[in-house]
Every structure is written in C-alpha cells, then in structure tokens.
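Remarks on the structure that follows.
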Amino acid sequence: MKNKRQSRKVRRGRTGPFFWMAPVLLFCLTLVVFSFALLPYARLAVSAASVYLVDSSKIVKTEKAEAGVYPSFGSEFGTIRIDKAGIYFPVFQGDSLDNLNKGVCHFYGSKMPGEGGTVVLSAHRTTHFANLGVLEAGDTVEVSTTWGDYSYGVTGTQIIDPADESYLEAVGEEQLVLLTCYPFGFIGSAPQRYLVKCRLISGPQKEWFNVDGGVS
C-alpha cells in the first residue's frame, strides 16, 4: 500500500511541471504566429506613416518652378485636382521616392501638359492616389501648371503588369495617364499597376526649347 502511494507521488511529480509549462509554451507559440501574421500590416503602417512623419533635419527644401521655364528635377510646377476622388495635391518633376512622399509626380520620360503627347502622373496607392479607383469614363481631371491650366476627360481604366509600358506610346493626340500600384488594398508590394487614361479637353499648347534653339 505504501509503495502504491509513493508511486503515485512520483508520477505526479514527473507530470506536474509538464502540465504547468504546456500553457506557457502554447501562449508563446500563439504569440509568435500572431506576430508573423501581423508583420505585413506593421510594415504597411510604417510605410504610410513615413509619408507624414518625416525627420525635419533631412527635409530637402522644395524648389518652385519658374513660370514658363521647364521644371528641373524635384521642383514643384503645378497641382492636380479631381473633385470626385478628393484629390488636390502638388505635382513634382520626377517620380523619385522623396517626391512620391510629398505629392503626385510627373514621370520624367513622358511629355508635359501642352506638348501634345502622353503625360504620365503617378502617386502612391496608399496616400495621394488612394481613391483613384472611383474614377469612371466622363469624369474630369484638372491640372494647373506654371504655364497654363489643363482639363482632361477620363476615357477608361486599365490594369497592367509593371513591365508593360505600352501606355507611353504616342496615340496621335495628347493624353493624360494617371498611374499607381494595384490592387489598392493589397498588403505588401502590389504586383500590378492601375491606369486611368484621359484625353485633353482644353489647355494651351506649349513647346520647350533647348539652349541651341531647338525643340526639346
């Protein structure tokens, strides 16, 4: 009888710590899994916050483009306004990361408003172009520059692969392309691009001349 009691005590002594540690181990495992699950959301939050929480000691002063002068890279030369999408932001020359954090950017390899070609403006899907998806054919986009005001009418939208740059091809008339990443609610680096294509309704023609007197 005494040996049975001692045997039970031994068994309880051996299994006791395991049952005490099991909930702790389960909690730690759950915490690790939960942390990995939230990691993409945390990265997205940091990315979005970086647009607004900028170290003032690292801010590069924005240069304002002179009226009638071809905008230098990084300078602010206009604004874009789309009332339906709640978009009203400054437009900068060049789609660098610094410029994209400040507003809408003109793709340096595309035409300027008034040149009669394809004008490409891009912005982040999480900030300045977050509501771009609401636009439909017939909506209006207003672009004001230091050399004139331009009105464009939306003709349609398109989803493309990042490597597809066919939208840069000439179409025989001036068009505006608004470009951002897609899908809008995607967590992480979005795999596609979203285009809003517009045709020129009104605005002055503009030719830029280089130092030799030729058209640039």
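These figures come from a predicted structure and were not determined experimentally.
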Would you please test Phe107 and Leu168 for side-chain contact (heavy atoms from CB on, under 4.5 Å) and show each step?
CA-CA 10 Å; Phe107 174 55; Leu168 291 171; 3.9 Å; yes
Under the side-chain contact (heavy atoms from CB on, under 4.5 Å) rule, what do Gln192 and Phe186 come out as? Steps first, then yes or no, please.
CA-CA 10 Å; Gln192 296 173 302; Phe186 191 83; over 6 Å; no
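Across all their heavy atoms, Thr180 and His124 have their closest contact at OG1-C, 3.5 Å. Gly103 approaches Ala123 most closely through the heavy-atom pair O-CB, 4.3 Å. Closest approach of Ala190 to Arg125, counting heavy atoms only: CB-NE, 3.5 Å. When every heavy atom of His128 is checked against every heavy atom of Ile87, the shortest pair comes out as O-CG1, 3.7 Å.
A side-chain donor-acceptor contact under 3.5 Å links Asp164 to the backbone of Ser166. Using modelled atom types, one side-chain atom of Asn99 and one backbone atom of Gln93 make a donor-acceptor pair closer than 3.5 Å. No donor-acceptor pair under 3.5 Å is formed between the side chain of Thr118 and the backbone N or O of Gln175.
Considering only heavy atoms from C-beta on, Val143 comes within 4.5 Å of Leu121 through its side chain. Contact annotation: the side chain of Leu132 approaches that of Phe184 to within less than 4.5 Å [non-hydrogen atoms, C-beta and beyond]. Side-chain contact between Arg193 and Cys181 is present, with at least one heavy-atom pair separated by less than 4.5 Å.
Annotation: salt bridge (charged side-chain N to carboxylate O under 4.0 Å, His left out) contacts involving residues 81-92, sequence neighbours excluded, comprise Arg81-Asp83, Lys84-Glu136, Lys84-Asp139.
Between Tyr182 and Tyr194, the ring planes lie parallel to each other; the angle is under 30°, not in the 30° to 60° tilted range.
To the nearest 0.5 Å, atoms CD1 (Ile82) and SG (Cys198) are separated by 7.0 Å. The OH atom of Tyr108 lies 12.0 Å from the OG atom of Ser96; values are rounded to the nearest 0.5 Å. In this structure, CZ in Phe77 is found 7.5 Å from OG1 in Thr145, a value given to the nearest 0.5 Å. Taken from OH in Tyr88 to OG1 in Thr79, the straight-line distance is 4.5 Å, to the nearest 0.5 Å. Rounding to the nearest 0.5 angstrom, the gap separating the CD atom in Gln205 from the CG atom in Leu200 is 9.0 Å. Note that CD of Glu76 and NE2 of His106 are 15.0 Å apart. Values are rounded to the nearest 0.5 Å.
Applying the ring-ring contact (aromatic ring centres under 6.0 Å, His included) criterion to Tyr167, with sequence neighbours excluded, gives no partner residue.
Hydrophobic cluster membership differs between Val120 and Met112, with clusters built from Ile, Leu, Val, Met, Phe, Trp and Tyr side chains linked at under 4.5 angstrom. Under the 4.5 Å side-chain heavy-atom criterion for Ile, Leu, Val, Met, Phe, Trp and Tyr, Val104 and Leu179 are members of distinct hydrophobic clusters.
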Got a list of side-chain donor-acceptor pairs under 3.5 Å for residues 148-159, not counting sequence neighbours?
residue	atom	partner	partner atom	Å
Asp149	OD1	Ser144	OG	3.2
Tyr150	OH	Pro113	O	3.4
Tyr150	OH	Trp147	NE1	3.2
Tyr150	OH	Pro204	O	2.7
Ser151	OG	Glu142	OE2	3.3
Tyr152	OH	Glu174	OE2	2.6
Thr155	OG1	Lys197	O	3.1
Gln158	OE1	Lys197	NZ	3.3

